[in-house]
> 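Quick one: this structure, given as structure tokens, is what I'll be asking you about.
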Amino acid sequence: EFSPDIAVCMRDVSRALFQRQLASMGAPVAVFWDNPRIIRTLKYYPLETMRVRFAPPAGFTPYCSSNEIAASLKSAHGLSDVTVIPNCYDQRRFHLAKHNSRGSSDQLRIISIGSDRPEKNHADKIEIARRLKSAEMDFSLTIVGQGVDTALKALAKSAGVEAETRLLGERNDIPAILAESDIFLSTSTSEGMPVSLLEAMASGIPCVVYAFPSLNDINIEDSLVDAVPLGDVDTAVERILFWRGNPDKALEFGAKASANVAERFASTTSAARWEEFLKNVAKLQ
């Protein structure tokens with residue numbers, strides 16, 4: 001019911017959502033990048049070599065996807081306020097999977113999702129797999145993401161886990177893959193609001209992740225995600241072994257995370273936040 005002249009999208013993950021939301025309004029969309037780690041590592045966007053700085057109009061409150069990024073924006077640009085609208089997941093495709101209670105004799109299926117970018121830190125995943133194999137665990141590690149099917153093949157072979165590691169590249173059947181997995185593993189050193197983690201939580205599997213700063217936006221009261229210190233491969237292995245040995249606790253933990261993420265990060269919830277934000281933007285035109 002309103003027609004903004006322009007909408008500003010500040011994060012890559014949200015661009016598709018922005019364009020869908022605004023398609024019927026005919027508003028042009030400007031993309032604003034401010035996270036230098038993303039700009040430095042992305043190879044397929046034209047703004048990768050730029051550090052964009054801007055002076056927002058009076059009364060305008062920019063948005064970002066996490067409180068960590070909001071704090072960075074406030075510091076970098078002297079802003080008094082930044083609206084935080086978390087990334088979301090499509091609750092129509094991701095929901096609590098009907099996982100059966102699995103015993104210690106079953107193969108543990110570990111899933112990781114992320115493209116071949118330095119901050120995804122896939123080398124640590126391969127090292128974790130090597131240590132799990134040394135512990136004589138029966139497991140598989142599936143890594144999904146653009147470029148990983150070629151970038152990690154030699155690394156997995158040199159670590160001696162080529163047979164245990166599945167490198168699938170970019171896929172469009174992530175809901176099905178998550179539904180057939182037992183543990184989600186992330187070794188990212190930095191993230192904004194990772195959609196793949198939200199999707200894994202929604203699927204009801206325990207998530208063992210490095211504690212990147214903005215994880216606090218998701219892991220309320222340290223009870224929804226199994227966070228380990230950045231780079232702590234030993235503890236990550238220990239937590240995977242714990243969940244393997246406690247399948248009933250894994251089911252309970254995953255179900256709690258699924259219920260919480262559905263309440264806080266479903267696309268319907270995000271759409272309402274976007275509608276309010278865009279209405280406020282329109283008032284400034």
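Residue numbers run from 1 in the order of the sequence given. Only a predicted model underlies this, so the values are computations on that prediction, with no experimental measurement involved.
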> Any pair with a residue in residues 226-237 that passes salt bridge (charged side-chain N to carboxylate O under 4.0 Å, His left out), sequence neighbours left out, goes on the list, sorted by first then second residue, please.
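Those involving residues 226-237 are Arg131-Asp234, Asp226-Arg239.
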
> Looking at His122 and Ala151, would you say the former's side chain and the latter's main chain have a donor-acceptor pair under 3.5 Å?
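Absent.
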
> Above 12 or not: heavy atoms from other molecules or residues under 6.0 Å from CZ of Arg264?
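Atom CZ in Arg264 is crowded, with more than 12 foreign heavy atoms closer than 6.0 Å.
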
> Excluding sequence neighbours, so at least two apart, what forms side chain to side chain donor-acceptor pair (under 3.5 Å) with Asn67?
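Asn67 satisfies side chain to side chain donor-acceptor pair (under 3.5 Å) with Asp217 only.
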
> Quick one, Asp182 and Asp106 - any side-chain contact, counting heavy atoms below 4.5 Å?
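They are not in side-chain contact.
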
> Do Ile240 and Leu132 come close enough that some side-chain heavy atom pair is under 4.5 Å?
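The answer is yes; the side chains approach within 4.5 Å.
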
> Taking the side chain as C-beta and beyond, is there a heavy-atom pair between Ile111 and Leu185 under 4.5 Å?
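Ile111 vs Leu185: side chains apart.
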
> Can you list the residues that meet the side chain to side chain contact (heavy atoms under 4.5 Å, CB included) rule with Asn172, with sequence neighbours excluded?
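So Asn172 forms no side chain to side chain contact (heavy atoms under 4.5 Å, CB included) with any residue.
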
> What distance separates Asn87 CG from Met193 CE, expressed to the nearest 0.5 Å?
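If I round to the nearest 0.5 Å, the distance is 6.5 Å.
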
> Just jot down the side chain to side chain donor-acceptor pair (under 3.5 Å) partners of Ser214, sequence neighbours excluded, or say none.
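With sequence neighbours excluded, Ser214 shows a side chain to side chain donor-acceptor pair (under 3.5 Å) to no residue whatsoever.
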
> Please name the pair of heavy atoms, one in Ala266 and one in Gln91, separated by the smallest distance, quoted to 0.1 Å.
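Ala266 and Gln91 have their closest heavy atoms at CB-OE1, 3.7 Å.
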
> Using the rule given for side chain to side chain contact (heavy atoms under 4.5 Å, CB included), can you reason through Ile143 versus Leu168, listing the C-alpha separation, both sets of side-chain angles and the distance that settles it, and then say yes or no?
CA-CA 6 Å; Ile143 304 179; Leu168 300 187; over 6 Å; no

> Quick one: list whatever passes side chain to side chain contact (heavy atoms under 4.5 Å, CB included) with Glu199, sequence neighbours left out.
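Residues passing side chain to side chain contact (heavy atoms under 4.5 Å, CB included) with Glu199: Tyr89, Phe94, Ile174, Leu178, Val195.
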
> Would you check if Phe184 and Ser203 make a side-chain contact, meaning some heavy-atom pair closer than 4.5 Å?
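The answer is no, as the side chains (C-beta and beyond) never meet within the 4.5 Å cut-off.
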
> Can you tell me how far OG of Ser267 sits from CG of Leu198, rounded to the nearest 0.5 angstrom?
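These two atoms lie 11.5 Å from each other.
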
> Of Asn219, Ile218, Leu96, which meets side chain to side chain contact (heavy atoms under 4.5 Å, CB included) against Met201?
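Testing each of Asn219, Ile218, Leu96 against Met201, the sole residue satisfying side chain to side chain contact (heavy atoms under 4.5 Å, CB included) is Ile218.
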
> Less than 4.5 Å apart, side chain to side chain, heavy atoms only: is that true for Lys74 and Ser80?
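No; the side chains remain at least 4.5 Å from each other.
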
> How long is the span from the OG1 atom in Thr268 to the CZ atom in Arg92, to the nearest 0.5 Å?
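One gets 9.5 Å once the value is rounded to the nearest 0.5 Å.
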
> Which residues pass the side chain to side chain contact (heavy atoms under 4.5 Å, CB included) test with Ser188, not counting sequence neighbours?
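Per chain and number, Ser188 pairs via side chain to side chain contact (heavy atoms under 4.5 Å, CB included) with Lys120, Ser186, Glu191.
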
> Counting only pairs under 3.5 Å, give me each side-chain donor-acceptor contact of residues 205-212, with atom names and distances, residues two or more places apart or in other chains.
{"residue": "Tyr210", "atom": "OH", "partner": "Asp124", "partner atom": "OD2", "Å": "2.6"}

> Return each pair, listed once, that meets side-chain hydrogen bond (donor to acceptor under 3.5 Å, both in side chains) where at least one residue sits in residues 147-160; pairs must be two or more places apart or across chains.
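Listed by first then second residue: nothing to list.
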
> Taking salt bridge (Lys or Arg N to Asp or Glu O under 4.0 Å) as the definition, give me every residue that meets it alongside Arg171, ordered by chain and number, with sequence neighbours left out.
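Once residues adjacent in sequence are excluded, the partners of Arg171 under the salt bridge (Lys or Arg N to Asp or Glu O under 4.0 Å) criterion are Asp173.
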
> Mind running side chain to side chain contact (heavy atoms under 4.5 Å, CB included) on Thr187 and Ile128 for me, showing each step along the way?
CA-CA 10 Å; Thr187 55; Ile128 289 169; 4.0 Å; yes

> Please name all residues satisfying side chain to side chain contact (heavy atoms under 4.5 Å, CB included) with Ser134, sequence neighbours left out, ordered by chain then number.
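Ser134 satisfies side chain to side chain contact (heavy atoms under 4.5 Å, CB included) with Arg130 once adjacent residues are dropped.
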
> Does a side-chain heavy-atom distance below 4.5 Å link Gln107 with Ser140?
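Yes, their side chains come closer than 4.5 Å.
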
> Which pairs, with at least one residue in residues 228-254 and sequence neighbours excluded, count as a ring pair (Phe, Tyr, Trp, His ring centres under 6.0 Å)?
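For residues 228-254: Trp243-Phe253.
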
> State the CG-OG distance between Asn121 and Ser190, to the nearest 0.5 angstrom.
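So the gap between those two atoms works out to 10.0 Å.
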
> Residues in salt bridge (Lys or Arg N to Asp or Glu O under 4.0 Å) with Lys125, at least two apart?
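With sequence neighbours excluded, Lys125 shows a salt bridge (Lys or Arg N to Asp or Glu O under 4.0 Å) to no residue whatsoever.
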
> Testing the basics here: between Val148 and Gly169, what is the closest heavy-atom pair and its distance to 0.1 Å?
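Smallest heavy-atom distance, with atoms named: CG2-N, 3.8 Å.
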
> Could you tell me whether the side chain of Glu164 reaches within less than 4.5 Å of the side chain of Leu141, counting heavy atoms only?
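With C-beta onward as the side chain, the pair stays apart.
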
> Heavy atoms only: give me the nearest Ala129-Phe139 pair and the separation to one decimal.
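Distance-wise, the nearest heavy atoms are O-CZ, 3.3 Å.
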
> For side chain to side chain contact (heavy atoms under 4.5 Å, CB included), just list the numbers for Leu224 and Lys256, CA-CA rounded to whole Å, side-chain angles, deciding distance to a tenth of an Å, and then say yes or no.
CA-CA 7 Å; Leu224 301 174; Lys256 180 179 179 181; 4.0 Å; yes

> List the atom of Thr165, the atom of Leu167, and the distance in Å for their closest heavy-atom pair.
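Looking at all heavy atoms of both residues, the shortest contact is CG2-CD2, 3.6 Å.
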
> Could you check whether any side-chain N or O of Ser258 sits under 3.5 Å from a backbone N or O of Gly204, counting only pairs where one atom can act as donor and the other as acceptor?
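Absent.
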
> Kindly compute the distance separating CG (Leu152) from CD (Glu162), expressed to the nearest 0.5 Å.
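Output value for this atom pair is 12.0 Å.
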
> To the nearest 0.5 angstrom, please state how far the CG atom of Leu197 sits from the CD1 atom of Ile113.
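Answer rounded to 0.5 Å: 9.5 Å.
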
> May I ask you to test the Leu215-Glu68 pair for a side-chain heavy-atom distance under 4.5 Å?
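They are not in contact (no side-chain heavy atoms under 4.5 Å apart), so the answer is no.
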
